Amino acid sequence: MKLEGLAAYFTREKVIRNSVISFIYLLAGTLVLIVCYMLSGIFSKGSGAYYFMQNAGYVLLFISMALMYAAVHRGNSGEGPHTAFSLSLFAAGKAHIVGAGLLGSILVLFIAALAQALFCFIGLIPYAGPAIVSLMTLPMFLINFAALLLVILAWVLVPPLVSDGTGIRGLFPEFLALAKSRGVAVIAYTFASLVAAAAVFAPILMVVRYAAGITRAAQWNIAAAYPKAFMPLIRPSYVSDVLATLMPRTDPLAAFQKYGSSIFSYIELLGVVLKIAYGIVIVALAAIILSLFVNLLSYWYGRIRDNR
């Protein structure tokens, strides 16, 4: 298939605007996820409410990404001048419709899984029950496979459908019609877009890791404050090795004598600052990649919509 009009989706203006939109929604979704994790601490660890709050945070994070997709698509398909702020507000106004559509797809998946779990109670019948359940493995697998593909289709099609003006009443029939006629193409283009986004993300991530390694080496006097969770992100290089050789080594005993026991609280505070700083970097990087990904999805959706 010829990539007609693709260049118009990736102009300098659109790339910057879409990156800002993605940063806004990704940052908001990340903050909501953090709040949900904090709220889960109210409940006993391992309880149903504990996991519900954490999972709710992830669902809301993915819904924020879907709203990002809706905003980006609106900028591509809607007439008139658009700004990152106006598009973000437009998508926020459609949050209830997008959220309902996406949560509905998850509900369908849960209903399918629950129906299978109830069916498997037949396994309590001696001899015949387990045999019947084992024979149903392939059909059940195919049902679950189809249900997951349906969820993927919902998450790919619902945001642009809503962005193009489909209301909550017409969302389900419009989604079914599009999924039935071009569902295979949507899945294929979605995975192709994922591969393209991964191809862009890999070299950028490599540069970020080397840059983080050089930064940590240059910050030799606060290297101890770097959270352990950052270590997989940081990659050493020749430059960082040279800096590590040239810079003086910190003396933990001297620091303890100078600051006393407050040194531990101080290092923890520095670690929080580093988490926030690198968190902003990671969110910004992810926002750029996600904006490219959803922009590709918007392009493919427009092609499918116009040619179905």
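For clarity, every value in this text was computed on a predicted model and none was experimentally measured.
Checked by atom type and distance alone, the side chain of Ser298 never pairs as donor or acceptor with a backbone atom of Val294 at under 3.5 Å. Listed for the Asn295 side chain is a donor-acceptor partner under 3.5 Å among the backbone atoms of Tyr9. Tyr25 places a side-chain N or O within 3.5 Å of a backbone atom of Ser88 that can act as its donor or acceptor partner. Checked by atom type and distance alone, the side chain of Tyr69 never pairs as donor or acceptor with a backbone atom of Pro160 at under 3.5 Å. Judged by distance alone, with hydrogens and angles left aside, the side-chain atoms of Ser181 form a donor-acceptor pair with the main-chain N or O of Ala177 at under 3.5 Å. Between the side chain of Ser237 and the backbone N or O of Tyr210, no donor-acceptor pair lies under 3.5 Å. Judged purely by atom type and a 3.5 angstrom limit, Ser163 uses its side chain to pair as donor or acceptor with the backbone of Ala70. Using a distance-only test at 3.5 Å, with no hydrogens or angles considered, no donor-acceptor pair links the side chain of Gln54 to the main chain of Tyr50.
The closest side-chain heavy-atom distance from Trp300 to Val186 is not below 4.5 Å. In this structure, the side chains of Val162 and Leu171 come closer than 4.5 Å at one or more pairs of heavy atoms. Taking 4.5 Å as the limit, every side-chain heavy atom of Arg182 sits out of range of all side-chain heavy atoms of Arg303. In this structure the side chain of Met53 never reaches within 4.5 angstrom of the side chain of Ile42, judged on heavy atoms. Counting heavy atoms from C-beta on, the side chains of Phe23 and Ser291 never come closer than 4.5 Å. Looking only at side-chain heavy atoms (C-beta outward), Trp220 and Leu243 stay at 4.5 Å or farther from each other. Residues Arg17 and Thr83 are not in side-chain contact: their nearest non-hydrogen atoms beyond the backbone lie 4.5 Å or more apart. With contacts defined as side-chain heavy-atom distances shorter than 4.5 Å, the pair Asn76/Tyr299 does not qualify.
Smallest separation of non-hydrogen atoms from Ser77 and Asp164: OG-OD1, 3.1 Å. Here the closest heavy-atom approach between residue Lys275 and residue Phe230 is recorded as CA-CZ, 3.6 Å. Of all heavy-atom pairs between Ala147 and Leu109, the closest is CB-CD1, 3.7 Å. Counting all heavy atoms, side chain and backbone alike, Ser47 lies closest to Ser44 at OG-O, 2.7 Å. The shortest heavy-atom contact between Ser22 and Ala287 is CB-O, 3.2 Å. Taking every heavy atom of both residues into account, Leu274 and Gln219 meet most closely at CD2-OE1, 4.3 Å.
Applying the salt bridge (Lys or Arg N to Asp or Glu O under 4.0 Å) criterion to Asp241, with sequence neighbours excluded, gives no partner residue.
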**OP:** Report the C-alpha separation of Leu297 and Trp155 in whole Å, then their side-chain angles, then the decisive distance to 0.1 Å, and conclude whether the side-chain contact (heavy atoms from CB on, under 4.5 Å) test is met.
**Re:** CA-CA 11 Å; Leu297 288 183; Trp155 286 77; over 6 Å; no
**OP:** Dump the intermediate steps for side-chain contact (heavy atoms from CB on, under 4.5 Å) on Leu61 and Thr30, then the final yes or no.
**Re:** CA-CA 6 Å; Leu61 173 62; Thr30 302; 4.3 Å; yes
Original post:
Can Ile280 and Ile276 be said to form a side-chain contact (heavy atoms from CB on, under 4.5 Å), step by step?
Top reply: CA-CA 6 Å; Ile280 293 173; Ile276 294 173; 4.2 Å; yes
**OP:** Start with the C-alpha distance between Ile282 and Leu233, add both sets of side-chain angles, then the distance that settles side-chain contact (heavy atoms from CB on, under 4.5 Å), and finish with yes or no.
**Re:** CA-CA 10 Å; Ile282 293 172; Leu233 174 67; 4.3 Å; yes
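Considering CZ of Arg209 and CD1 of Ile214, their distance stands at 13.5 Å, rounded to 0.5 Å. Rounded to the nearest 0.5 Å, atoms OG1 (Thr190) and CG (Leu157) are 7.5 Å apart. To the nearest 0.5 Å, the span separating CG on Leu138 from CD1 on Ile143 amounts to 10.0 Å. Rounded to the nearest 0.5 Å, atoms CG (Leu87) and CZ (Arg74) are 8.0 Å apart. Rounding to the nearest 0.5 angstrom, the gap separating the CE atom in Met136 from the CG atom in Leu142 is 10.0 Å. In this structure, NZ in Lys45 is found 7.5 Å from OH in Tyr51, a value given to the nearest 0.5 Å.
Shown here is Phe85, whose CZ atom has no more than 12 heavy atoms of other residues, nucleotides or ligands within 6.0 Å. Within 6.0 Å of CZ on Phe172 lie no more than 12 heavy atoms contributed by other residues, nucleotides or ligands.
Hydrophobic clustering keeps Ile111 apart from Leu149 (ILVMFWY residues linked when any side-chain heavy atoms are closer than 4.5 Å, directly or through intermediates). Clustering ILVMFWY residues whenever any of their side-chain heavy atoms sit less than 4.5 angstrom apart, transitively, puts Ile168 in the very cluster that holds Leu103. Transitive grouping of hydrophobic side chains (ILVMFWY, heavy atoms separated by less than 4.5 Å) keeps Leu39 and Ile34 in distinct clusters. Cluster annotation: Val207 and Ile234 are assigned to distinct hydrophobic clusters (Ile/Leu/Val/Met/Phe/Trp/Tyr, side-chain heavy-atom contacts under 4.5 Å, transitive). Criterion: ILVMFWY side-chain heavy atoms under 4.5 Å apart, direct or through other members. Under it, Leu290 and Ile204 are part of a common hydrophobic cluster.
Applying the side chain to side chain donor-acceptor pair (under 3.5 Å) rule to pairs touching residues 58-68 yields Tyr37-Tyr58, sequence neighbours excluded.
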